[in-house]
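See structure below.
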Amino acid sequence: MKRPRVRFAPSPTGFLHVGGARTALFNWLYAKKFDGEFLLRIEDTDRARSTDESTRAIFEGLAWLGLTWDEEVVYQGANVERHYADAHRLLASGAAYRDFTPAAETERLRAEAEARGEAYRVDRAATMLSEADIAERLARQEPYAIRFKVPDGYTEWHDLVHERIAFPNKDIEDFIILRSDGTPVYNMAVVSDDIAMRITLVMRGDDHISNTPKQILLYRALGAEVPQFGHVPMIHGADGKKLSKRHGATAVGDYQHLGFLPQAMLNFLALLGWSPGDDTEVMLLPELIERFSVQGLHAKAAIFDTKKLEWMNGQHLALMPIAELGHVVAPLFEKAGLATVAELASRPEWFHGVLELLRVRARLTDEMIPLATTFFGATVEYEPEAIGKQWRDAAVTAEILQATHDRLATLEQWEPAAMEDALRKLAEEKGISGGKIFQPLRVALTGKTVSPGIFDVLLYVGRDHSLARIGAAVAFLSKDA
RNA sequence: GGCGGUAUCGUCUAGGGGACUAGGACACAGCCCUCUCAAGGCUGGAACACGGGUUCGAAUCCCGUUACCGCUACCA
């Protein structure tokens, strides 16, 4: 098999959408899998809607996901001269013809037909003029658009995901390939570029299915080899409608800032519209490449389920190498004012130990921040609910905490097994359950009713801070009484 | 309206004529573990859109209906 050349061709009219990201991912996986090239083309021919900011967002989104492209980025706008030349080539070969009808007139006819409930179709016989007529209008410099002369018959192709798709040509209008102002129309530009880029497989959203017969006709008229096509399904929102702002975050950049990991996003997106064929769910890029196949591609639109994405993120959070997680999360800690990246890096064992405690309790990296505050700073703020629930009897609690403090203070080694031994023994002596000690202690150390295991908290808060916090709690409770 | 596409639990999916009493995952509920919260383990409810064929036999193949989606521009 020839090395495949695939492309992702977004128009820079917004941010990188999750649907676009998935199309990019499938193309990328295909290229990697079959040792081919993945190219990026920015379809910026709609000057009114295209922005540099969008182009940048697309680059950033792809970079975040790690979907790197081969060769230089192609800007469609830079190729309009070729598009123009190709359109005129078609005109010269008789595959297309001039349409001198003013755009406004065509628009009027179409509107009228629609008002009558009829399907409008340009009348080729009426539109194509005689040689003499054309020469005359040309001499008068009348503007004209170029229409493709759709041949008889039908156009079909073997789609990678849909199998055979066929369109009767009679249902395809003689479409415009070059506007009367000389600018190329989408289908012309795409085909011209895909030929120039030597694309072997066009994998895109299935909203392009009805463009495909037109494009195939163009390839043939241009004498170019028709590439393979694969139309992947759309991604819909929870209401089954096309994903839009109304559904909340739809740009991959949004997810990045919400605390999602790129590998989780990639994994989740891969599973929307593709399946490895068995029950495997959590996969990293190398495995995705390994297992990717067009047979696993689906034809059905998928609904974007944020809950499952969150679960997926939690899985990757728990699985990734702790040092890697440290690099992702340290800047977040710094931003939250907990500690600087440098400080965290200066004691990696402690930092990573803390992260081990937090990662299984968070689904998003951002969720680790509130959980992490316990391990930083000298003082603790007590949540009212925590006091109400675990410190009901101030006198008794103060006494238990004081005893706890004393036992812990005499420990020769500040390590969990010894702490647990000492405190369980204390509980036994007092004839109470361990929980009666651990829960008030948790409030003293964290101010909250929930936290990682209490001995882990003691270990990572450290001996000095732990004992100080317990002492402060005793003081707080005594003063209260 | 025309053309095209799609149709398995609420969601993502396995399934490509008999292994289906339809499997897994998310979500939900319960239980276990347990110092709390997570994580983890176990259990439960939950689907082949409908109607016709073909066949000894259909979730799987064919046809029709319905529903949903897309396209229908001198937008991309």
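So that the names make sense, note that chain A is the first sequence line, chain B the second, and so on, each numbered from 1.
A:Tyr97 and A:Asp174 form a side-chain donor-acceptor contact under 3.5 Å, judged by distance and modelled atom types alone. A donor-acceptor contact under 3.5 angstrom links the side chains of A:Arg204 and A:Thr212, judged on distance only. Side-chain contact, A:Gln263 with A:Asn267: no donor N or O sits under 3.5 Å from an acceptor N or O.
In this structure, A:Ile454 reaches the bases: a heavy-atom distance under 4.0 Å links it to at least one base atom across the strands shown. Residue A:Ser11 is in sugar-phosphate contact alone, with no base atom involved, counting any heavy-atom pair closer than 4.0 Å across all strands shown. Among the protein residues, A:Asp181 comes within range of no part of the nucleic acid, since none of its heavy atoms lies under 4.0 Å from any strand. Using a 4.0 Å heavy-atom cutoff across all strands shown, A:Ile176 reaches at least one base atom of the nucleic acid. Residue A:His231 is classed as having no contact, given no heavy-atom separation below 4.0 Å to the nucleic acid. When heavy atoms are screened at a 4.0 angstrom cut-off, A:Pro233 is found touching no nucleic acid atom at all. Across all strands, A:Gly453 comes closer than 4.0 Å to base atoms (heavy-atom distances). Nucleic acid contact class of A:Gly273 (heavy atoms, under 4.0 Å, all strands): sugar-phosphate only. Using a 4.0 Å heavy-atom cutoff across all strands shown, A:Phe304 reaches no nucleic acid atom at all. If you check every strand for non-hydrogen atoms under 4.0 Å, A:Pro213 touches nothing.
Between B:U43 and B:U6, the two C1' atoms lie 35 Å apart (nearest whole Å). B:G23 sits 32 Å from B:U34 when the C1' atoms are compared, rounded to a whole Å. Nucleotides B:C12 and B:C56 place their C1' atoms 36 Å apart, quoted to the nearest Å. For the C1' atoms, the distance from B:A7 to B:G44 is 28 Å, rounded to whole Å. Rounded to whole Å, the separation between the P atoms of B:G15 and B:A73 comes to 39 Å. Annotation: B:A39 and B:U66 have their P atoms spaced 46 Å apart (nearest Å). As rounded to the nearest Å, B:A14 and B:G24 have P atoms that lie 15 Å from one another. Look at the C1' atom in both B:A59 and B:C20: the space between them is 9 Å, to the nearest Å.
Pairing for B:C50 is with B:G64, a Watson-Crick or G-U wobble pair whose two hydrogen-bonding atom distances lie under 3.5 Å.
Nearest-nucleotide positions on RNA chain B place A:His236 closer to the 5' end than the other of A:Tyr144 and A:His236.
For the pair A:Asp207 CG and B:A76 P, the computed distance is 15 Å after rounding to whole Å. Distance A:Leu358 CG to B:C37 P: 17 Å, rounded to the nearest Å. Here B:U72 presents its C1' atom at 9 Å from CZ of A:Arg110, a figure rounded to the nearest Å. Rounded to a whole Å, the NZ atom of A:Lys308 is 13 Å from the P atom of B:U11. Residue A:Arg359 contributes atom CZ, which lies 19 Å from atom P of B:A38 at whole-angstrom precision. Rounded to whole Å, atom P of B:G2 lies 20 Å from atom CG of A:Asn169. As rounded to whole Å, 16 Å separates atom C1' of B:G4 from atom CD of A:Glu163. A straight line from OH of A:Tyr186 to C1' of B:C74 spans 17 Å, rounded to a whole angstrom.
Closest approach to the A:Gln315 side chain among B:A76, B:G40, B:C3 is made by B:G40 (side chain taken as heavy atoms from C-beta onward). Distance from the side chain of A:Ala299 is smallest for B:U6 among the nucleotides B:C37, B:C12, B:U6. Each of B:U13, B:A25, B:C74 was ranked by its minimum atom distance to the side chain of A:Ala145; first place goes to B:C74. The side chain of A:Trp311 has B:C26 as its nearest neighbour among B:C26, B:A76, B:U36. For A:Ala302, whose side chain is taken as the heavy atoms from C-beta onward, the closest listed nucleotide among B:A76, B:C74, B:C12 is B:C12. Side-chain proximity of A:Lys300 to the nucleotides B:U36, B:C26, B:U8 is greatest for B:U8.
Here the OG1 atom belonging to A:Thr280 is positioned 3.5 Å from the CG atom belonging to A:Asp278, to the nearest 0.5 angstrom. In this structure, CE in A:Met283 is found 11.5 Å from CD in A:Glu290, a value given to the nearest 0.5 Å.
Using a 4.0 Å cut-off, some side-chain N or O of A:Arg147 falls inside it from OP1 or OP2 of B:C74. In terms of phosphate contacts, A:His298 brings a side-chain nitrogen or oxygen within less than 4.0 Å of OP1 or OP2 of B:A14. Look at A:Arg121 and you won't find any side-chain N or O under 4.0 angstrom from OP1 or OP2 of B:U72. At B:U13, none of the side-chain N or O atoms of A:Ser275 fall inside 4.0 Å of OP1 or OP2 (strictly under the cut-off). Applying the 4.0 Å criterion to OP1 and OP2 of B:U34, one finds that A:Gln439 has every side-chain N and O outside that range. Regarding contacts with the backbone of B:U6, a side-chain N or O of A:His162 is found under 4.0 angstrom from either OP1 or OP2. Between A:Arg363 and B:A27 there is a side-chain N or O to OP1 or OP2 distance below 4.0 Å.
Evaluation of the salt bridge (Lys or Arg N to Asp or Glu O under 4.0 Å) test over residues 182-194 of chain A, restricted to residues two or more places apart or in two chains, returns A:Arg7-A:Asp194, A:Arg41-A:Asp193, A:Arg41-A:Asp194, A:Arg82-A:Asp193.
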* Would you please test A:Phe268 and A:Trp311 for ring-ring contact (aromatic ring centres under 6.0 Å, His included) and show each step? => CA-CA 10 Å; A:Phe268 175 73; A:Trp311 169 79; 9.7 Å; no

* Check step by step if salt bridge (charged side-chain N to carboxylate O under 4.0 Å, His left out) holds for A:Arg56 and A:Asp52. => CA-CA 6 Å; A:Arg56 231 177 300 120; A:Asp52 289 346; 5.8 Å; no

* Please lay out, stage by stage, how A:Glu420 and A:Arg424 fare under the test salt bridge (charged side-chain N to carboxylate O under 4.0 Å, His left out). => CA-CA 6 Å; A:Glu420 180 155 11; A:Arg424 292 227 182 253; 2.9 Å; yes

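Interface remark: the A:Asp305 side chain does not form any donor-acceptor pair with the B:A27 base, using a distance-only criterion of under 3.5 Å. For A:Ser210 against B:C3, a side-chain-to-base donor-acceptor contact under 3.5 Å is absent.
The stretch residues 45-57 of chain A touches RNA chain B through A:Thr45, A:Asp46, A:Arg49, each having a heavy atom under 4.0 angstrom from the strand.
Looking at A:Glu173, its side chain does come within 3.5 Å of a backbone N or O of A:Val122 through a donor-acceptor pair.
No side-chain heavy atom of A:Val360 sits less than 4.5 Å from a side-chain heavy atom of A:Pro452.
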